[in-house]
Asks: 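Starting off with a structure, shown below.
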Amino acid sequence: MEELLTLKELLHEGKISEALELVEELEEMSKSDKLNKIFSYGMIVLLHLIKQAAEKRSTRSWETSIFNSVKQIQRTNQRPKAKGCYLTEDELLETLQDAYESALRKAALEAFEGRYAADELGNLVNQDEVIREAMVLILGGEN
């Protein structure tokens, strides 16, 4: 909110270049927030997909969590006024690849009642397939 007041002040003072710099900073902050949300929801999707792949089963709770997280990623990634997305398909893939290790570590605590370390659990699943499945869900495949 402070930034908006500063922006208003700069515009009233006719300091257009300073105001534009502040607008750019605000845009970056907004985009960064959206990217962090997409990363976090991506971790949740991957976490449950990893557990499904490793345990070769699913629960309604996992499926609901996947569905809700996919919807949040889709909503967060949309640019309502400009149309299009904040992240391209390649950037989304990179984000999921980046989130995979964190999701695997969390899955290791939950899958098989925590009997496996992350690297051991990782050997039970195919990382590329899990990420590919997440991409299909996020890009509009059926859940």
Side-chain angles (χ1 to χ4, degrees), residues 1-11 15-143:
M1 187 65 172
E2 182 181 322
E3 289 88 355
L4 292 177
L5 295 174
T6 302
L7 178 60
K8 183 178 178 182
E9 196 175 295
L10 289 170
L11 290 171
K15 297 180 179 176
I16 303 302
S17 63
E18 290 94 337
L20 289 173
E21 286 178 25
L22 184 54
V23 167
E24 287 179 20
E25 283 180 36
L26 290 169
E27 284 177 335
E28 283 300 313
M29 288 170 46
S30 175
K31 185 173 182 182
S32 178
D33 180 56
K34 291 186 182 305
L35 299 180
N36 287 335
K37 285 180 183 178
I38 291 169
F39 179 90
S40 294
Y41 285 117
M43 257 182 49
I44 295 168
V45 171
L46 293 170
L47 161 72
H48 294 299
L49 292 177
I50 290 167
K51 291 191 302 187
Q52 285 178 340
E55 292 190 2
K56 298 185 183 358
R57 69 181 185 94
S58 189
T59 69
R60 287 188 352 203
S61 173
W62 296 353
E63 291 166 9
T64 299
S65 186
I66 290 168
F67 177 83
N68 290 337
S69 296
V70 164
K71 287 294 179 200
Q72 288 299 322
I73 291 169
Q74 291 169 339
R75 289 187 60 182
T76 302
N77 199 31
Q78 284 181 339
R79 297 181 85 126
K81 291 183 181 175
K83 303 293 181 211
C85 299
Y86 287 98
L87 292 180
T88 65
E89 229 176 279
D90 288 341
E91 291 169 328
L92 181 58
L93 178 61
E94 283 180 36
T95 300
L96 292 176
Q97 289 168 335
D98 189 29
Y100 186 84
E101 183 180 352
S102 298
L104 181 62
R105 288 176 176 274
K106 185 148 175 54
L109 298 173
E110 297 180 17
F112 301 105
E113 299 173 358
R115 284 182 281 195
Y116 295 104
D119 59 335
E120 295 170 318
L121 185 64
N123 290 331
L124 300 177
V125 298
N126 183 318
Q127 177 178 343
D128 293 336
E129 284 181 18
V130 169
I131 291 173
R132 191 174 315 116
E133 185 176 353
M135 287 291 291
V136 166
L137 293 171
I138 293 166
L139 296 175
E142 290 299 312
N143 189 3

Asks: Can you name the nearest heavy-atom pair linking Glu63 to Gln52, along with the distance?
Replies: CG-NE2, 3.9 Å
Asks: Looking only at heavy atoms, what is the nearest atom pair of Val45 and Ser69, with distance?
Replies: CG2-CB, 3.5 Å
Asks: Looking only at non-hydrogen atoms, find the nearest pair between Leu46 and Ala103 and report the distance.
Replies: CB-CB, 3.6 Å
Asks: Looking at side-chain heavy atoms only, is the closest gap between Leu11 and Ile16 below 4.5 Å?
Replies: yes
Asks: Rounded to the nearest 0.5 Å, how far does OG of Ser32 lie from OH of Tyr86?
Replies: 12.5 Å
Asks: Going by the side chain to side chain donor-acceptor pair (under 3.5 Å) test, which pairs reach into residues 35-50, not counting sequence neighbours?
Replies: His48-Lys51, His48-Ser65
Asks: Do Arg115 side-chain atoms and Phe112 backbone N/O form a donor-acceptor pair below 3.5 Å?
Replies: yes
Asks: Please answer whether the main-chain N or O of Leu87 pairs with a side-chain N or O of Asn77 as donor and acceptor at a distance below 3.5 Å.
Replies: yes
Asks: Please assess Glu110 against Lys106 for the test side-chain contact (heavy atoms from CB on, under 4.5 Å), listing each intermediate value before the final yes or no.
Replies: CA-CA 7 Å; Glu110 297 180 17; Lys106 185 148 175 54; 3.1 Å; yes
Asks: Can you tell me how far CG of Leu22 sits from CG of Leu7, rounded to the nearest 0.5 angstrom?
Replies: 5.0 Å
Asks: Might you confirm whether atom CD of Glu89 has over 12 heavy atoms from other residues, nucleotides or ligands at distances under 6.0 Å?
Replies: no
Asks: Any idea which heavy atoms bring Val70 and Leu137 closest together, and the distance?
Replies: CG1-O, 3.4 Å
Asks: Charged N to carboxylate O below 4.0 Å: is that the case for Glu27 and Lys31?
Replies: no
Asks: Please report the interatomic distance CD(Glu101) to CG(Asp119), rounded to the nearest 0.5 Å.
Replies: 10.5 Å
Asks: Is Arg57 atom CZ crowded by more than 12 heavy atoms from other residues, nucleotides or ligands, each under 6.0 Å away?
Replies: yes
Asks: Using a 4.5 Å cut-off on heavy atoms from C-beta on, say whether the side chain of Leu139 contacts that of Leu92.
Replies: yes
Asks: Looking only at non-hydrogen atoms, find the nearest pair between Thr95 and Phe39 and report the distance.
Replies: CG2-CA, 3.9 Å
Asks: How long is the gap from CG on Leu121 to CD on Glu55, to the nearest 0.5 Å?
Replies: 8.5 Å
Asks: Rounded to the nearest 0.5 Å, what's the gap from CD on Glu18 to CG on Leu10? Could you check?
Replies: 6.0 Å
Asks: Grab the two heavy atoms, one from Gln74 and one from Ile138, that are nearest each other, plus how far apart they are.
Replies: NE2-O, 2.8 Å
Asks: I'd like to check Glu3 versus Met29 (side-chain heavy atoms, cut-off strictly below 4.5 Å). Are they in contact?
Replies: yes
Asks: Roughly how far, to the nearest 0.5 Å, is the CG atom of Leu96 from the CD atom of Gln127?
Replies: 10.5 Å
Asks: Quickly, which of Val130, Asp128, Leu124, Asn123 forms a side chain to side chain contact (heavy atoms under 4.5 Å, CB included) with Asn126? Name it, please.
Replies: Asp128
Asks: Could you give me the CA-CA distance, side-chain angles and deciding distance for Thr88 and Leu93, then say whether side-chain contact (heavy atoms from CB on, under 4.5 Å) is met?
Replies: CA-CA 9 Å; Thr88 65; Leu93 178 61; over 6 Å; no
Asks: Under the side-chain contact (heavy atoms from CB on, under 4.5 Å) rule, what do Arg105 and Tyr100 come out as? Steps first, then yes or no, please.
Replies: CA-CA 9 Å; Arg105 288 176 176 274; Tyr100 186 84; over 6 Å; no
